[in-house]
Amino acid sequence: MKKILLCGYMASGKTTIARLLGKAAGMPVLDLDEVIEKKTGKSIPQLFSQDGEIAFRRLEHDNLKELLAEEDAFILSLGGGTPCYANNHLFLQRDDVVSVYLKTGIEELVNRLRHQGKERPLLEKLPDDELQEYVAKHLFDRSYYYHQAKHVVVTDGKSPEDVVNEIMSLF
Ligand SMILES: Nc1ncnc2c1ncn2[C@@H]1O[C@H](COP(=O)(O)OP(=O)(O)OP(=O)(O)O)[C@@H](O)[C@H]1O
Ligand SMILES: O=C(O)C1=C[C@@H](O)[C@@H](O)[C@H](O)C1
Ligand SMILES: [Mg+2]
């Protein structure tokens, strides 16, 4: 069984889908942000504010590499920026990996993030009226990396269960 990596923008549904997929496929589920929080004993906002984003990106790369070196199969939801730094997008292409980009449109992302942006270090200082433009530009910049995933699943207009069924049909 291959390792399943889910990537996508903040609030695209990585954590939600990974948990449901884990139940449906009977596979263990991991979340890269949570793995890093457990290992360091710090929250993601603390890591950004105390150690800086570059230190966080290094931790993200090292922990992903370490997890992918394991024998066992699992479902791993990546951080929103994971594929976009440190050549992590190359991990999405490995033979032992099924990688999926959860592609969510700007409007849906902005709606979700409006209600839950505060605990996200990249968005916390952003005024509400700048969120839409920020997400549009950021997603444009990141899109190339997300599209290095082997599969793209559009999530707009679909329930989490629909998305899980679509991913299940890929393997
Ligand atoms: N297909 C979907 N339809 C409707 N709502 C969804 C769907 N997928 C996820 N959600 C909702 O969107 C929100 C964000 O989902 P989730 O936390 O899983 O995203 P994430 O990609 O893990 O975000 P983060 O960048 O914080 O890791 C949650 O409130 C979740 O319930
Ligand atoms: O999109 C991003 O760059 C991030 C997303 C989160 O999952 C965390 O990994 C962190 O807040 C950075
Ligand atoms: Mg998440």
Side-chain angles (χ1 to χ4, degrees), residues 4-24 29-40 42-65 67 74-89 91-92 99-126 131 134-149 151-169:
I4 298 169
L5 303 187
L6 302 183
C7 71
Y9 199 72
M10 289 177 267
S12 57
K14 301 177 294 293
T15 302
T16 307
I17 300 302
R19 287 185 185 146
L20 288 172
L21 189 60
K23 283 195 192 120
V29 175
L30 295 165
D31 183 280
L32 188 57
D33 286 335
E34 283 175 14
V35 168
I36 293 169
E37 287 180 329
K38 269 196 202 125
K39 198 174 251 184
T40 59
K42 294 183 188 178
S43 68
I44 302 293
Q46 272 176 333
L47 285 166
F48 269 71
S49 64
Q50 293 173 8
D51 307 331
E53 181 171 353
I54 292 173
F56 172 75
R57 296 301 174 194
R58 197 165 289 140
L59 277 171
E60 193 175 35
H61 175 78
D62 291 346
N63 278 279
L64 178 56
K65 196 170 160 187
L67 286 169
F74 50 73
I75 296 163
L76 176 67
S77 48
L78 299 177
T82 310
C84 316
Y85 296 89
N87 277 332
N88 292 336
H89 64 289
F91 291 129
L92 302 175
S99 50
V100 180
Y101 168 30
L102 297 178
K103 187 170 186 171
T104 307
I106 293 164
E107 204 177 323
E108 180 67 22
L109 291 173
V110 171
N111 273 336
R112 291 183 195 169
L113 290 168
R114 247 188 234 299
H115 301 289
Q116 28 172 282
K118 294 303 167 214
E119 64 281 10
R120 296 163 197 269
L122 297 179
L123 305 178
E124 67 182 353
K125 293 196 184 78
L126 201 69
L131 184 63
Y134 178 88
V135 172
K137 183 178 179 306
H138 206 200
L139 190 59
F140 181 77
D141 290 341
R142 289 182 162 189
S143 187
Y144 168 81
Y145 297 99
Y146 294 148
H147 277 98
Q148 301 305 308
H151 305 279
V152 179
V153 172
V154 172
T155 70
D156 291 318
K158 296 174 189 165
S159 69
E161 289 74 20
D162 291 337
V163 174
V164 167
N165 288 336
E166 211 169 312
I167 297 174
M168 291 285 284
S169 72

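Sequence positions, counted from 1, serve as the residue numbers for this chain. Counting starts at 1 for both ligands and their atoms, in listed order.
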Contact between ligand 2 and K14 is defined here as a heavy atom of the residue under 4.0 Å from a ligand atom; is it met?
no
Please check: side-chain N/O of R57 versus main-chain N/O of Y85, any donor-acceptor pairing under 3.5 Å?
no
Shortest non-hydrogen contact from C7 toward L78
CB-CD1, 3.9 Å
Between P45 and P121 the two heavy atoms that sit nearest each other are CA-CG, 4.0 Å
What protein heavy atom lies closest to atom 1 (O) of ligand 2? Include the residue and the distance to one decimal.
R142 NH1, 2.7 Å
Could an N or O of ligand 1 be found under 3.5 Å from any N or O of T15, whether backbone or side chain?
yes
How long is the span from the CD1 atom in I75 to the CD1 atom in I17, to the nearest 0.5 Å?
11.0 Å
If the cut-off is 4.0 Å to any non-hydrogen atom of G79, which atoms of ligand 2 fall inside it?
7 (O), 9 (O)
Metal site the Mg ion (ligand 3): N/O/S of S77 inside 2.8 Å
no
Can you name the closest pair of heavy atoms from H115 and N111 and give their distance?
CD2-O, 2.9 Å
What part of E37 sits under 4.0 Å from ligand 2 if we count only heavy atoms: the side chain, the backbone, both or neither?
neither
Judged by atom type as modelled, is there a donor-acceptor pair below 3.5 Å linking the side chain of N88 to the main-chain atoms of T82?
yes
Does any N or O atom in T16 lie less than 3.5 angstrom from one in ligand 1, N or O only?
yes
Side chain, backbone, both or neither: which part of F56 comes within less than 4.0 Å of ligand 2 when only heavy atoms are counted?
side chain
Examine ligand 2 and decide if any of its atoms is less than 4.0 Å from a heavy atom belonging to E124.
no
Starting from atom 24 (P) of ligand 1, what is the nearest protein heavy atom, named by residue and atom, and what distance separates them?
R120 NH1, 3.4 Å
CD (E161) with more than 12 external heavy atoms under 6.0 Å:
yes
Ligand 1 atoms nearer than 4.0 angstrom to some heavy atom of Y9 are 21 (O)
State, to 0.1 Å, how close I167 and L102 come at their nearest heavy-atom pair, and which atoms those are.
CD1-CD2, 4.1 Å
Atom 10 (C) of ligand 2: the protein heavy-atom neighbour that sits closest, reported with distance to 0.1 Å
I44 CG2, 3.7 Å
E34/K38 ion pair, N-O < 4.0 Å
no
Report the member of E60, R57, H138, E34 with the shortest heavy-atom distance to atom 12 (C) of ligand 2.
R57
Do D162 side-chain atoms and S159 backbone N/O form a donor-acceptor pair below 3.5 Å?
yes
Would you kindly specify which portion of T82 sits under 4.0 Å from ligand 2, judged on non-hydrogen atoms: side chain, backbone, both or neither?
neither
OG1/T155 to NZ/K14 distance, rounded to the nearest 0.5 angstrom?
10.5 Å
Is there a donor-acceptor pair closer than 3.5 Å between any side-chain N or O of H147 and the backbone N or O of S143?
yes
Using the ring of each side chain (for Trp, its six-membered ring), is Y9 parallel, tilted or perpendicular to Y146, with breaks at 30° and 60°?
perpendicular
Using a 4.0 Å cutoff against the non-hydrogen atoms of P121, which atoms of ligand 2 qualify?
11 (O)
With the threshold set at under 4.0 angstrom, would you say M10 reaches ligand 2 through any of its heavy atoms?
yes
Main chain of I44, side chain of E37: is a donor-acceptor contact present, judged purely on distance under 3.5 Å?
yes
Among all protein heavy atoms, pick the one closest to atom 7 (O) of ligand 2 and tell me residue, atom and distance.
D33 OD2, 2.6 Å
Between K158 and ligand 1, which part of the residue brings a heavy atom under 4.0 Å of the ligand: side chain, backbone, both or neither?
backbone
Heavy-atom nearest neighbour of atom 19 (O) of ligand 1 within options G13, G157, G80
G13
What residue and atom, counting heavy atoms only, is the protein's closest point to atom 29 (O) of ligand 1, and at what distance?
Q116 NE2, 3.2 Å
Protein contact to atom 4 (C) of ligand 2 [nearest heavy atom, distance to 0.1 Å]
G81 N, 3.9 Å
Can you find an N or O of G80 that's nearer than 3.5 Å to an N or O of ligand 2?
yes
How far does NE2 of H61 sit from CZ of F91, to the nearest 0.5 angstrom?
4.5 Å
Does ligand 1 have an atom under 4.0 Å from some heavy atom of A11?
yes
Near L122, which atoms of ligand 2 are under 4.0 Å from a heavy atom of that residue?
1 (O), 2 (C), 3 (O)
Give the contacting part of M10 toward ligand 1: side chain, backbone, both or neither, where contact means a heavy-atom distance below 4.0 Å.
both
For ligand 1, is any non-hydrogen atom under 4.0 Å from S77's backbone (N, CA, C, O), its side chain (CB onward), both, or neither?
neither
Of the listed options E119, R112, K14, closest to atom 6 (C) of ligand 1 (non-hydrogen atoms):
R112
Specify the closest pair of heavy atoms between L76 and L32, including all atoms of both residues, with the distance to one decimal.
CD1-N, 3.6 Å
